[in-house]
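Encoded as structure tokens, the structure appears first; notes follow it.
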Amino acid sequence: MSVQNYTGNMIFDKNTIIDPKDGRLVLANMIWVIVALLIGGTAGLLQTLVRSGQFELPFGIGYYQLLTLHGVILALVLTFFFIMGFQTAAVSRVCGPLNKTERRLGWIGFWFMTVGTLMAAAMIATNQASVLYTFYAPLQAHGLFYVGLTLVVIGTWLTATSQIIRYQRWRSENKGQKSPLLAFMVAVNNVMWYVCTLGVASMTLFQFIPWSFGWIETINVKLTRTLFWYFGHALVYFWLLPAYMVWYVSIPKIVGIKGFSDKLARLSFVLFLFFSIPVGIHHQLVEPGIDAFWKGLQVILTFMVIVPSLITAFSLFATFETYGRKQGATGLLDWFKKLPWKDARFVLPFVGMLFFIPGGLGGIINASGQMNQLVHNTIWIVGHFHITVGAPVILTYFGAMMFLLPHITGKRISSSMNTMGLWLAYTWALGMGIMSMAMHIVGLKGAPRRSTFSEYGGHELAQEWISYQMMQAVGGVFLFIAIIIAVTLFVQLIMGPPSAEVEEFPVAKFLDEDVKNVGWIENWRLLVIITVFLVLIAYTMPISQIFTENIAGSKGYKFW
Amino acid sequence: MHKYEKIWLTFGTSALVIFLVILGISAVHQGHSPAASGIETINPEHVRDDARFKEPGLYESDTDEYDYELYFVASAFQYEPREVEIPKGSRVRIHVTTPDVIHGFEIAQTNVNMMVEPGLISKYTANFNKEGEFLIICNEYCGVGHTDMTSLIKVTGGEE
């Protein structure tokens, strides 16, 4: 078998199994996800306990040291390893096995990420990098912390490239055919990732690393912040798009119907490519050094990126309704009851989607200049990203791991594992619901994020905050229970008894499967040009002003 | 495209456009442009040599537009002044800068909330129309003493 024709039935056949060699690469990444979840989740629990005022950290561990660990290991390490593992599985599943070179590249990327993670972790553990995961200058961590993070990013580039090469190889082997939707989505996410990580990579290479090793004396704080957020908002879409892949491609198959529209799915992904990056300044709305006009422009662009999420919401609920009606639902909302509430592969992502409704609304509030000023850097923001990345994204990752882990290890989901998955979804929802609700409310009352327990000199407002912080701790405890369930479940999914019939990696057909692509949708040159063009419009002036206004540089501080 | 989808997207997108128009009118017409916008530089190593930040505090404004100019220095881990009294009904332009790392400047439960960054001055104008004691806190992590950073604004009496 020289060239495996992977079109048509191979893609949609439930018996198509990922090549075991690719499976091992995927599994290696997933093991990191499980480890990161356990460490990061424990840190999170301890933080909520500290902030309730009832608990002090033992062994001289600092609150901000723990917070740095929590952010780095969950927001960066867990997500990156999941995304690399899942996307490798995705292209291997729909395009066919990676070849030797591609797989080797994937492994090299994995080892870069592993070494980088261990370096950064060592610096955090020895309290030389308590700068939080956003590592804003001029707080200065040990140079190896920045080197570690850079290696992690380079690792993602290598693995992502192996996925893109596989996708391109499919296209050249199947000229004139529409590429598999899932592979196209992976390619979009990776191209977006290349463009946005150029910002963070150049700032670590040319600013943080030379500055922290003392090769340059000062750092340009404004430039590094702006480059960080040029990367930082696209980062949230980098987390989100793999979840969208599962929503679009796997969920319809799980519930047993066709996807709504391949064409719209591709369109929404392309819109994410265009509008994920030139919006970072909405994280910098209330800071000096940027003109109001450029803040306003990026607010408008931020609103554009809401459109593809609207498309996604429609498409998904259309899928669910179609399914419910097929099950005999009548009336306006009866179909909701008919959804497969007993299938953890469905329930986990679906509970996540429900969180995304308030999550998305909160996002619109945060992006709106004037309202942002009320909530900026309050714990409302923390509440917001825990019901976006911390619920829809992570619960969908869990849902994907439900089928992916047994798929790559030759197992099946047993009914007890399925039940655990349901418990995971509901315990997580309960914990996150309580915690994020408390965070949103107390954030509106002014309580700051990224702060240890404090009575602020006994001011009465700060006293009022404390009862909500108790609630956060209650939510944190439930979340920790959910994490214990998750870790136990994942270990069982990997270690369970082998099965003759291997768990399916569900890939749905779409209603318009046989309709040709819109011509430009896979014209990568055009897509990249538009992406770069929008970035230039949004960022050329704000960044050149940083240089022309001659803002003084900063030396490093270690204030922890 | 499905008919319902057209309706949904038209509805969703027009809602977004309306939001943006409201934001735009509020920003341009009512002057609610984001806090701290614009670029005014200062050398972070010589903040206290600068006439404006030598003795941070409340000063009568030279301009007709504001009643007072209020200067704050945020540093690890305190605000100067530690406490300031403002007559009720005053229109005050607030200027904040830092000689060291990034700090926040939030007057809790008001819309005065901005970042303070070395090398730049953050400015925002606020009307103090409500009597009471307002807590200022740092809402950007700045180091181990981050939550020790507080100050108090006391809005008192009438103007006369």
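None of the values given here were measured: they were computed from a predicted structure. First the proteins, then the strands, lettered A, B, ... as listed; each starts at 1.
- For the set Pro448(A), Ala137(A), Gly62(A), the entry with the most heavy-atom pairs within less than 4.5 Å of chain B is Pro448(A).
- Ranked by non-hydrogen atom pairs under 4.5 Å with chain B, the options Ala367(A), Ser451(A), Gly553(A), Gly296(A) are led by Ser451(A).
- The aromatic rings of Trp229(A) and Tyr136(A) sit tilted, their planes meeting at an angle between 30° and 60°.
- For Phe77(B), the part sitting under 4.5 Å from any heavy atom of chain A is the side chain, from C-beta outward, and nothing else.
- For Leu152(B), the part lying near chain A is the side chain, with the backbone staying farther off; criterion is any non-hydrogen pair under 4.5 Å.
- In this structure, no portion of Phe293(A) lies under 4.5 Å from any heavy atom of chain B.
- Contact annotation for Leu444(A): only backbone heavy atoms (N, CA, C, O) come within less than 4.5 Å of a heavy atom of chain B.
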Stepwise ring pair (Phe, Tyr, Trp, His ring centres under 6.0 Å) check, Phe208(A) with Phe135(A): CA-CA 10 Å; Phe208(A) 278 99; Phe135(A) 55 95; 5.3 Å; yes

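- Taking the six-membered ring where tryptophan is involved, the planes of Trp8(B) and Phe11(B) are tilted, since the angle between them lies from 30° to 60°.
- At a 4.5 Å heavy-atom cutoff, the contact between Thr41(B) and chain A is made by side-chain atoms alone.
- Contacts between Ser554(A) and chain B at a heavy-atom distance below 4.5 Å involve the side chain alone, from C-beta outward.
- Both the backbone and the side chain of Glu140(B) come within less than 4.5 Å of a heavy atom in chain A.
- Both the backbone and the side chain of Leu16(B) have a heavy atom closer than 4.5 Å to some heavy atom of chain A.
- For Lys295(A), the part lying under 4.5 angstrom from a heavy atom of chain B is the side chain only.
- The number of heavy atoms from other shown groups lying within 6.0 Å of CD (Glu549(A)) is above 12.
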Thr312(A) and Tyr248(A): side chain to side chain donor-acceptor pair (under 3.5 Å), yes or no, with the steps? CA-CA 8 Å; Thr312(A) 307; Tyr248(A) 272 114; 2.9 Å; yes

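- For a residue to count as touching a neighbouring chain, one of its non-hydrogen atoms must lie under 4.5 Å from one of that chain's; by this rule Ser122(B) touches chain A with backbone and side chain alike.
- Classified by interplanar angle (parallel below 30°, tilted 30° to 60°, perpendicular above 60°), the ring pair Phe559(A)/Tyr557(A) is tilted.
- In Lys558(A), the NZ atom is crowded: over 12 heavy atoms of neighbouring residues, nucleotides or ligands sit closer than 6.0 Å.
- Around atom CD of Glu217(A), no more than 12 heavy atoms belonging to other residues, nucleotides or ligands sit under 6.0 Å away.
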Report the C-alpha separation of Ser261(A) and Arg266(A) in whole Å, then their side-chain angles, then the decisive distance to 0.1 Å, and conclude whether the side chain to side chain donor-acceptor pair (under 3.5 Å) test is met. CA-CA 9 Å; Ser261(A) 166; Arg266(A) 285 178 207 253; over 6 Å; no

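- Across Cys138(B), Ala35(B), Ala108(B), the residue that shares the most heavy-atom pairs under 4.5 angstrom with chain A is Ala35(B).
- Only the side chain of Glu45(B) comes within less than 4.5 Å of a heavy atom of chain A; its backbone N, CA, C and O stay farther away.
- With a threshold of 4.5 angstrom between heavy atoms, Ala318(A) does not approach chain B through any atom at all.
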